[in-house]
Amino acid sequence: MAGKLAEIKNWNVELEREITEKWRKSSMFKFDAKTKKKIYSIDTPPPYINSPIHMGHAVTYCFMDMFARYKRMKGFEVLFPLGLDRNGLPIEMGAEKKFNVSPFVVGREKFMEYCEKLLNETTIESTDSFAKLGISFNSYEVGNNIGEVYLTDSPDYRALTQSTFIELYRKGEVYEDNRINNWDPKLQTTIADSEIDYKDIQSKFSDIKWKVKETGEEIVIGTTRPELICTCGRVIFNPKDKRYLHLEGKTAISPIFGREVKIKAHPLAEIDKGTGLVMMCSVGDLSDIQFFREQHIKPVIAINKDGTMNENAGFLQGLKVKQAREKMIEELRSKSLLVRQTDILHRTPVSERSNAEIEFIEMPEFYLKQLDLKKELREIIKKIDFYPEDSVKILHDWMDSISIDWPISRRRYYATPIPLWYSEELTALPVPGEYYQPWKESPPENSEVLKNGKVIGKVKDFPKQKWRGEERVFDTWFDSSISELVILKYKSNPEFFKKAYPASLRPQGKEIVRTWLYYTLLRGYLETGKPCFKDVWIHQHILDEKGKKMSKSLGNIIDPQEILKEFGAEAMRLWASSEGDLSKGDFICSKEKIRAELKTLNKLINISKFILQFEKPKKAKLSDLDKLFIDYIENLTRETGESYEKYDFYHPIASLRKFLWDSFASHYIELVKNRAYNAEKKFSKEESESAKYTLYYLLERLLVLMHPVIPQSTSLIAAELGINLFESEFPDAKTWKSKIELLEKITEFNSYVWKAKKEKNLSLKAEISGIEIPKELKDFEKDLKFCHSLI
RNA sequence: GGCCCAUUAGGCUAAUGGCAGACCCUCUCGUUUACACCGAGAUGACGGAGGUUCGAUCCCUCCAUGGGCCACCA
């Protein structure tokens with residue numbers, strides 16, 4: 001035995017460092033654009049790089065890497081690129097925090113420089129962890145070649161995002177409409193739903209007297225927002241609420257303002273909440289807004305962008321919302337219109353950053369039509385294989401609940417700008433293909449000019465117009481939802497795109513099915529009319545040692561970098577595959593378990609060391625026992641391949657591990673040791689060769705089967721056997737003929753003998769008499785006899 | 001509040017309409033020309049209540065507990 005293995009006692013992190021460094025610098029996993037092989041492409045989820053990767057990233061990328069390595073062994077040219085998400089809020093918030101700047105103070109241009117500064121510092125850290133995990137991305141270098149690292153904020157990526165928008169705009173798939181937004185009155189900006197926190201705030205529930213016009217009767221309505229009475233568009237009660245059935249269709253008159261409002265039954269009102277009567281206001285909260293849309297009621301806006309009341313609020317005009325509320329209560333009380341006030345804890349939406357209470361303000365935003373496409377999309381979805389199958393349900397559930405078109409514009413900075421310019425009633429739409437920044441650039445001369453949606457010329461035909469650039473940007477999902485188009489070189493390499501589309505696999509977490517997956521399917525369909533994936537693999541979460549979600553605030557984060565340092569990538573990958581099926585359930589991350597995987601790696605090394613001391617025979621006439629074990633691993637090969645095809649690594653690895661420890665190490669090796677050494681020449685040369693041949697056969701096969709999961713250790717060992725696993729094919733199983741159940745009998749018999757010796761206080765190599773070899777094991781008599789020194 | 005998923009030994013996990021199988025831990029014993037990060041063995045489990053069935057850990061219903069996603073409503 002020569003080579004590295006001889007020097008190794010344990011699998012260790014130093015070994016890994018050498019190997020993964022080599023991989024990273026080599027081009028061994030590079031995508032060959034000229035390939036004649038079939039293409040297998042993985043649309044990897046580009047992680048946000050504002051912080052180092054977390055355990056969830058680490059584990060899920062390990063799985064993707066297993067898929068990629070398996071497919072390579074199956075003869076595919078595998079497209080497995082790394083993407084980095086660099087757009088959007090997390091980046092902006094990171095920059096604000098790190099450099100202590102605010103876009104409202106330093107201005108857009110300067111602020112974006114800070115964002116870029118942040119991005120340049122963090123990118124390297126996150127890719128480094130991937131390399132240490134042994135992830136076989138096609139490349140670790142940023143570039144535009146197929147398979148190279150892509151950045152979602154690169155001019156090319158953004159140009160493609162804009163191109164798709166321009167086409168959609170032309171086709172009329174995008175429109176602008178007034179809609180209610182979350183408004184932070186302190187920071188003076190719209191904010192995304194994800195930036196909203198909910199806080200329990202002490203508030204008062206006020207019961208207020210109204211009048212019914214037709215009958216003159218007094219009704220009492222409860223509200224937490226009395227200052228909004230002026231915006232009330234309807235009074236509702238539950239259709240089953242007998243107290244108010246007689247009010248149906250009548251008219252309520254609002255106190256103080258004296259406005260007439262229709263009263264109608266609507267299930268949104270709950271009988272036992274408040275008085276059972278609800279005033280629906282156009283700016284109370286999001287459900288109110290939806291109500292107004294459904295009922296086609298024209299909203300009344302009473303709050304300005306700065307959080308003060310406007311002219312619609314009458315005597316409250318100019319007051320801040322809270323002051324207005326107090327003034328209103330005062331007024332109601334003085335007119336004896338206030339029945340009572342109750343203290344309640346009100347769950348109030350507040351801005352995560354400013355802590356200001358959110359107001360809902362109507363503003364124009366761009367929408368992408370999606371409601372009309374639901375049916376077609378569902379047909380498309382049928383053509384995609386989901387792993388696990390049930391996970392398609394998450395998607396359908398989400399689609400069921402979609403009730404408005406997709407708002408795609410945001411009032412933000414570090415994101416893809418919306419490529420439009422305006423001048424009076426004219427709109428300039430640039431030519432697709434370039435990256436545009438209208439907020440600081442003039443429209444190109446060759447941009448189309450539209451009036452009422454019709455093209456009436458080019459910008460150069462209107463030399464006197466002063467153009468105002470669009471300042472809004474796209475929702476980040478509008479960028480992310482074309483990732484598969486980007487990696488497959490849509491538009492930039494049509495020939496390749498045609499060959500490679502749809503992408504083979506979309507791996508992703510269940511929590512972004514409604515965003516990333518749904519939007520990608522929608523956008524892919526709009527661009528190509530086809531499903532954009534063949535397979536979708538949905539995974540669950542990585543939890544802490546107690547089964548809780550890891551989060552910074554709980555302080556229960558297990559850092560993958562720490563695991564890598566302590567136990568290494570191989571142990572972590574083996575753990576990831578052994579812990580369970582991540583598409584079926586969450587993983588509980590335990591350091592102890594990851595540490596325990598090192599044992600298996602060492603076992604593999606030790607077995608290999610043992611086998612390497614023998615010469616490998618070129619061929620052999622196999623004994624029955626050897627045939628039995630070979631057939632067993634052939635059978636295991638078939639099962640493993642079938643499971644890998646279904647992205648199931650858990651079951652095969654469990655079987656392979658069992659085979660390694662039990663069948664192979666404890667039983668087969670013990671049984672044939674004597675025959676392989678043949679020190680006392682009790683066996684024929686043929687018999688001895690058969691044992692050695694089989695030892696190599698089993699080991700080599702085991703290495704091949706486990707290679708996608710533990711690529712470093714298996715390839716290192718295989719190299720000592722003269723095998724390059726990176727060029728090995730995943731074997732097709734040969735049919736097996738032996739009675740595999742005999743293997744179980746053999747292990748039973750071995751245990752029986754070992755136990756007997758123990759009971760008699762004999763050493764395991766001592767001779768023992770009086771043990772009968774079972775009839776069905778007669779074929780293996782010689783091995784059994786020598787192994788146990790039966791006399 | 002809506003929806004989804006889970007509940008198996010001290011911990012973690014698997015399979016199954018008819019003996020519930022590993023691993024980690026614990027205990028006992030042992031050291032064999034690959035391995036003490038070893039070997040042999042032992043203890044120990046189907047959340048609760050109904051129902052379907054000859055038979056239920058598995059199928060159904062309800063309850064309890066835990067987790068997740070979404071919505072958070074006058």
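All chains are named by letter (A, B, ...) in the order of the sequence lines, taking the proteins before the strands, and each is independently numbered beginning at 1.
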Distance between the [atom1] atoms of [N] and [M], in whole angstroms?
{"N": "B/A45", "M": "B/A20", "atom1": "C1'", "value": "9 Å"}
{"N": "B/G39", "M": "B/A56", "atom1": "P", "value": "40 Å"}
{"N": "B/C46", "M": "B/U13", "atom1": "C1'", "value": "13 Å"}
{"N": "B/U53", "M": "B/A14", "atom1": "C1'", "value": "26 Å"}
{"N": "B/A42", "M": "B/A64", "atom1": "C1'", "value": "35 Å"}

Mind checking if [X] touches a base, just sugar-phosphate, or nothing, with heavy atoms under 4.0 Å?
{"X": "A/E670", "answer": "base"}
{"X": "A/T600", "answer": "nothing"}
{"X": "A/R514", "answer": "sugar-phosphate"}
{"X": "A/A679", "answer": "nothing"}
{"X": "A/I394", "answer": "nothing"}

task: Just do the salt bridge (Lys or Arg N to Asp or Glu O under 4.0 Å) check on A/E597 and A/R595 with the steps written out, would you?
output: CA-CA 5 Å; A/E597 299 299 344; A/R595 185 208 308 276; over 6 Å; no

Among the candidates [options], find the nucleotide nearest to the side-chain atoms of [X].
{"X": "A/W754", "options": "B/A40, B/C35, B/C12", "value": "B/A40"}
{"X": "A/H541", "options": "B/G68, B/C35, B/C38", "value": "B/G68"}
{"X": "A/W661", "options": "B/U33, B/G39, B/A14", "value": "B/G39"}
{"X": "A/Y650", "options": "B/U32, B/U13, B/C4", "value": "B/U13"}

- prompt: Distance check: side-chain N/O of A/K658 vs OP1/OP2 of B/G21, anything under 4.0 Å?
  reply: no

- prompt: Within less than 4.0 Å of OP1 or OP2 of B/G67, is there a side-chain N or O belonging to A/K510?
  reply: no

query: Checking side-chain contact (heavy atoms from CB on, under 4.5 Å) against A/I607, which of A/N602, A/L695, A/L660 comes through?
result: A/L660

